[in-house]
Amino acid sequence: MRFVVIVEFTLHENTLEKFMPLMLENARISLEQEAGCDRFDVLNRAGRPNEIVLYEIYRDRAAFDAHLKSRHFLQFNAASAPYTRDKRIVELDYLNDAGN
């Protein structure tokens, strides 16, 4: 069953310009190099520039676990930590198209 993750970042003031290149690179590499990563959207909460939301779909939980261990994710996580005030992760099972 596909596995969905929503990650909500709240950034420190005036750090968006430093955070976004790191985030966009992480998303790009995840899609290009991780066979189990089907979708990786980077969103901005309307009217709240310091709130970034990720919407990620993985083939299954194992693919997401592999993502968390990937070199590019670990580098992103360390590099972005100084810009992140809060991070909330929501894990979901994908019910549409069960089995795809």
Does one hydrophobic cluster hold both [X] and [Y], with members joined at side-chain heavy-atom distances below 4.5 Å?
X     : Y     : value
Val90 : Tyr55 : yes
Leu31 : Leu24 : yes
Val42 : Val7  : yes
Leu43 : Val4  : yes

Q) For Tyr94 and Ile57, which heavy atoms make the closest approach, and how far apart are they? A) CE1-CD1, 4.0 Å
Q | Nearest non-hydrogen partners of Cys37 and Ser30, listed with the distance | A |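 Shortest heavy-atom separation between Cys37 and Ser30 comes out as CB-O, 3.5 Å.
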For [X], check salt bridge (charged side-chain N to carboxylate O under 4.0 Å, His left out) against everything at least two apart and list the hits.
X     : answer
Arg88 : Glu8
Glu32 : Arg28
Glu91 : Arg61

Drop me the distance from [X]'s [atom1] to [Y]'s [atom2], to the nearest 0.5 angstrom.
X     : Y     : atom1 : atom2 : result
Leu11 : Ile52 : CG    : CD1   : 5.5 Å
Phe9  : Ile89 : CZ    : CD1   : 7.5 Å
Arg2  : Leu92 : CZ    : CG    : 13.0 Å
Glu56 : Asp38 : CD    : CG    : 11.5 Å
Asn26 : Phe73 : CG    : CZ    : 7.0 Å

Q: State which residues pass side-chain hydrogen bond (donor to acceptor under 3.5 Å, both in side chains) with Asp93; sequence neighbours excluded, sorted by chain then number.
A: none
(Q) The criterion is side-chain hydrogen bond (donor to acceptor under 3.5 Å, both in side chains); which residues satisfy it with Asp41, sequence neighbours excluded? (A)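 side-chain hydrogen bond (donor to acceptor under 3.5 Å, both in side chains) list for Asp41, sorted by chain: Arg39.
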Q.
Over 60° means perpendicular and under 30° means parallel, so tell me whether Phe76 and Phe19 are parallel, tilted or perpendicular.
A. perpendicular
Q: Hey, can you tell me if Phe3 and Phe64 have their rings parallel, tilted or perpendicular (30° and 60° cut-offs)?
A: tilted
Q) Does the side chain of Glu51 come under 3.5 Å of the side chain of Asn44 through a donor N or O and an acceptor N or O? A) no
With a 4.5 Å heavy-atom cut-off, do [X] and [Y] have their side chains touching?
X     : Y     : value
Phe40 : Glu34 : no
Lys69 : Leu74 : no
Leu16 : Asn14 : no
Tyr83 : Leu22 : yes

**Q.** Candidate pair His72 and Glu25, rule side-chain hydrogen bond (donor to acceptor under 3.5 Å, both in side chains), full reasoning
**A.** CA-CA 9 Å; His72 67 90; Glu25 180 73 357; over 6 Å; no
Q.
Connecting only ILVMFWY residues whose side-chain heavy atoms lie within less than 4.5 Å of each other, what is the rest of Ile29's hydrophobic cluster?
A.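 For Ile29, no cluster forms, as it stays isolated from other hydrophobic side chains.
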